[in-house]
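Reading through the structure tokens given below for one structure.
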Amino acid sequence: ILNVEQSPQSLHVQEGDSTNFTCSFPSSNFYALHWYRWETAKSPEALFVMTLNGDEKKKGRISATLNTKEGYSYLYIKGSQPEDSATYLCAFISGTASKLTFGTGTRLQVTL
Amino acid sequence: DVKVTQSSRYLVKRTGEKVFLECVQDMDHENMFWYRQDPGLGLRLIYFSYDVKMKEKGDIPEGYSVSREKKERFSLILESASTNQTSMYLCASSFDSGTGRNGYNEQFFGPGTRLTVL
């Protein structure tokens, strides 16, 4: 069973703060790493699919980096807003698997 | 607007009942998935399907079966519901890029069904 870990488990920041969280995954046999945002009472939505070591992706104020050699990805949110409040999930797929393995998520709460 | 819909948002059933959870997607996706979400655990894959009438077991298939008679519809069946199947169930779909490996393709999720088994 693959181990995908996310930290911190939860995070509480003020509006305007920048924040980041970590996803750790096995460094061998990497294939792809997904990030999803899951707002309360809504469906999880994909943010990024990352496939290459050194990948950096950006969507608005959210960006992500990938280091496949050491087995981690960072998700950054610049200038957090209340609408960023959600659980952020990462999911890993190895070269030998045909399915995603999800981490337990980082729950972000942004207050005014 | 692409959509994955699930038949119920909330469902309450009794132990021993047969339960059907339905999922429909309108994106013509080949792949469909059923997950469950429990507190402190990540999304865990129950079953997935990469084509009509095809299915593969995920990480936790025990106590569940699935049916995919049409491309757009993927059903999860609890043959005899038990209290440890109380959970949030999420359906997802993704495009098949034809490589036999689909890790590059994002998954689109439904809103979830919160099932309580009494």
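Heavy-atom basis, side chains included; hydrogens, waters and symmetry copies ignored. We name chains A, B, ... by the order of the sequence lines, and we start the count at 1 in each one.
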Heavy-atom check, side chain of [X] versus side chain of [Y], under 4.5 Å:
X        : Y        : value
A/Thr101 : B/Arg44  : no
B/Phe48  : A/Leu100 : no
A/Pro44  : B/Leu90  : yes

Answer with yes or no whether the hydrophobic clustering places [X] together with [Y]; edges join I, L, V, M, F, W, Y residues whose side-chain heavy atoms lie under 4.5 Å apart.
X       : Y       : result
B/Tyr89 : B/Phe74 : yes
A/Leu11 : A/Leu75 : yes
B/Tyr50 : B/Val66 : no
B/Ile60 : B/Leu21 : yes
A/Tyr76 : A/Tyr72 : yes

More than 12 non-hydrogen atoms from neighbouring residues, nucleotides or ligands closer than 6.0 Å to [atom1] on [X], yes or no?
X       : atom1 : result
A/Gln9  : CD    : no
B/Arg9  : CZ    : yes
A/Lys78 : NZ    : no
A/Glu45 : CD    : no

query = So which part of B/Tyr35 gets closer than 4.5 Å to some heavy atom of chain A, the side chain, the backbone, both or neither?
reply = side chain
message = Within residues 110-118 of chain B, which residues come under 4.5 Å of chain A, heavy atom to heavy atom?
response =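 Against chain A, the residues of residues 110-118 of chain B that fall inside the cut-off (heavy atoms, under 4.5 Å) are B/Gly110, B/Pro111.
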ask   = So, does A/Tyr36 use its side chain to make a donor-acceptor pair with the main chain of B/Gln107 at under 3.5 Å?
value =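 Side chain of A/Tyr36 to backbone of B/Gln107: a pair is present.
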Rounded distance (nearest 0.5 Å) linking atom [atom1] of [X] with atom [atom2] of [Y]:
X        : Y        : atom1 : atom2 : result
B/Gln37  : A/Thr104 : CD    : OG1   : 9.0 Å
B/Tyr47  : A/Lys99  : OH    : NZ    : 13.5 Å
B/Asn105 : A/His34  : CG    : NE2   : 7.5 Å
B/Leu41  : A/Phe102 : CG    : CZ    : 13.5 Å

message = If you compare all heavy atoms of A/Ala46 against all heavy atoms of B/Glu106, which two are closest, and at what distance to 0.1 Å?
response = CB-OE1, 3.2 Å
ask   = Where on A/Leu47 is there a heavy atom nearer than 4.5 Å to chain B: the side chain, the backbone, both, or neither?
value =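 The answer is neither part of A/Leu47.
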